[in-house]
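Report on the structure given below.
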Number of protein chains: 2
Amino acid sequence: MSNITSNVRTLYWDRDALVLIDQCALPQRLDYVRCASVAAIADAIRTMVVRGAPAIGIAAAYGVVLAASAAYKTHRDDWQVAVARELDLLRAARPTAVNLAWAIDSMVEQFQRIQGDPSTSLLAHANDLFQADVAANLAMGELGAALLGSANQVITHCNAGALATAGYGTALGVIRSAWKVGKLEHVFATETRPWLQGARLTAWELHADNIPVTLIADSAAAHLMSRGNISWVITGADRVAANGDTANKIGTYSLAVNARAHGVRFMVVAPLSTIDRTTAQGSDIPIEERPGDELLAFHEQRIAAPGVDAYNPVFDTTPAELIDVLVTQKGVVHNPNLESIRQLFETQN
Amino acid sequence: MSNITSNVRTLYWDRDALVLIDQCALPQRLDYVRCASVAAIADAIRTMVVRGAPAIGIAAAYGVVLAASAAYKTHRDDWQVAVARELDLLRAARPTAVNLAWAIDSMVEQFQRIQGDPSTSLLAHANDLFQADVAANLAMGELGAALLGSANQVITHCNAGALATAGYGTALGVIRSAWKVGKLEHVFATETRPWLQGARLTAWELHADNIPVTLIADSAAAHLMSRGNISWVITGADRVAANGDTANKIGTYSLAVNARAHGVRFMVVAPLSTIDRTTAQGSDIPIEERPGDELLAFHEQRIAAPGVDAYNPVFDTTPAELIDVLVTQKGVVHNPNLESIRQLFETQN
């Protein structure tokens, strides 16, 4: 696979294993983790060695390849059945991002067409999903950048970049495309507590591409908006409901409320695989809570007093009415709602 | 001085020196720092060994005692002149909190009345300011708690507690008083990036008083408000302008915007010494920017990629129209504005 984004190879297949950048080690170290089993991939998803909704989906697709290959060796006649339990475990590795389920479903749909050893055809399908994700990001980058005027200062939250996808990024794809065509002046990246995706990943990625980026505390975004120089907030999504309500990293909702209060426009960039039309609205999206230790300690050093606990929801839901535009690879939806999203899916290519 | 709040002795005078809890070391260690010179106190304010607008003011008052005592030893006839440069340095230690200048001015006003060695009478005046701050906090606690209905779940930001004052606290004073009278169900303390005053100080203080407290990421407050169980946001202030615009820890403004959007009421608790009637409005308040390293590193370990910079304003301004009530020791101002604040000052006691 060609290297399309400035040395960032988030994940790639290499001789019967999936190789992942260890996103827990960035930016101190650029380590690669080799996952040769579906259990290793589920673990990498759970522990956030790989994160970002599209990247999780692609990693899971390769997980299905590994699960099916292993099952075929021990259960030649009923590997499709033997593999089911492992795929359930893989599906449960993170609850909020819908791309995980979407990618596993897409792989499982191939099962019935397969005669004999499933390895080759499943690997080919996983590679197709990988390439389609990159192509979608490039298309969204162009569509999103076309919406911007000149000399934009934008805020982005968390990491919806090359590291969150098969390459190029969703929100950061739009930012990369805008930079290329001279429409971008500056990116303010929120540090994104508690996991610091902004400080550790987005700043690293953008700096590596020489795109001017400045880190801010999550809580400083409103102050920055009040100064009047921010034109857009641009984020990715972990799941978009049928009506356009969007689950994304905790803090996205606060940014959307503040953007509306300051006349700053709000853009969500997400491939079709992130839109879950079986989920009616935001309140139906499960919100993952992670251990309070992510807030109570830093690198195993306790921050808060002993005995204190923390509430750590890592996603929140932004209602569709706060989203000015949803950018997908199939087109742009202004003021997304049930009807406009339905039309997006029903439009012929 | 009596110990009025659960073993928290933020600062106290002891044999020719001011003793301060080292707030940089909390909650890992409860260390005390002994400051025997005005330079040591200015340094403690600058490095945030002592922080919180009222506590900074009281510490500065004792700094004036030390400066005058030292100057009298070397410049018996013109110690008032000799001391001027050191008081300028003290005044410049932090730019946003107005209590610092207020306390120094109050001490300097005593100078003209002094014959001979100024130590005793200045120390008496600093002690008066200390006791008045505690009394103001107790009064505000009662006034603020009276505004609450029953079974409140509240959000507080930063630390406006015993540690930020001579004792009891401003916002946490209201919370302590509400807890005492059975009106408080739960406190959610924002961790307060970048310095983590909420995680390190507020959680420690409230837990020490057995007040139920849960830590959240700053960016999770909006999500929590959207769940519908938060009745009030209660914060302190670093400076209130003549029209009620309020400078406070970065993130306060975002909380106020979100509170208004969710029908959550917003209370600012601040003694009269925090109200600066010579500052017309919020945009006239200088906003301190601290080194980007507070965001780029944690305990000297770099978080962000090399070469990345950060913008680190540590205060923001909340316009008066987002403040439902301003609580002072002299009374409560609903919907604060130029006129209602003028009336507060002109009302006879």
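Chain identifiers are assigned alphabetically (A, B, ...) following the order of the sequence lines, protein sequences preceding nucleic acid strands; residue numbering begins at 1 within each chain.
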Can you check whether [X] reaches [Y] side chain to side chain, under 4.5 Å on heavy atoms?
X	Y	answer
B:V257	A:V257	yes
A:L296	B:L215	yes
B:V308	A:T214	no

Under a 4.5 Å heavy-atom cut-off, does chain B meet the side chain of [X], its backbone, both or neither?
X	answer
A:I303	both
A:Q301	side chain
A:H157	neither
A:I287	side chain

Out of [options], return the one with the most heavy atom pairs under 4.5 angstrom to chain B.
options	value
A:G307, A:A261, A:G198	A:G307
A:D309, A:L201, A:V314	A:D309
A:A222, A:P27, A:S226, A:S219	A:S219
A:G292, A:P194, A:A203	A:A203

Tell me, side chain or backbone of [X] under 4.5 Å from chain A's heavy atoms, or both, or neither?
X	value
B:L224	side chain
B:L295	both
B:P212	neither

In Å and rounded to the nearest 0.5 Å, what is the [atom1] to [atom2] distance from [X] to [Y]?
X	Y	atom1	atom2	value
A:I216	B:R193	CD1	CZ	12.5 Å
A:T190	B:D218	OG1	CG	11.5 Å
B:D316	A:R227	CG	CZ	9.5 Å

Return the option, out of [options], with the maximum number of heavy-atom pairs under 4.5 Å with chain A.
options	result
B:R200, B:E294, B:E191	B:E191
B:H262, B:K249, B:R260	B:H262
B:H207, B:M225, B:H299	B:H207

Parallel under 30°, tilted from 30 to 60°, perpendicular over 60°: which one fits the rings of B:H223 and A:Y311?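 Rings of B:H223 and A:Y311: parallel, as their planes differ by under 30°.
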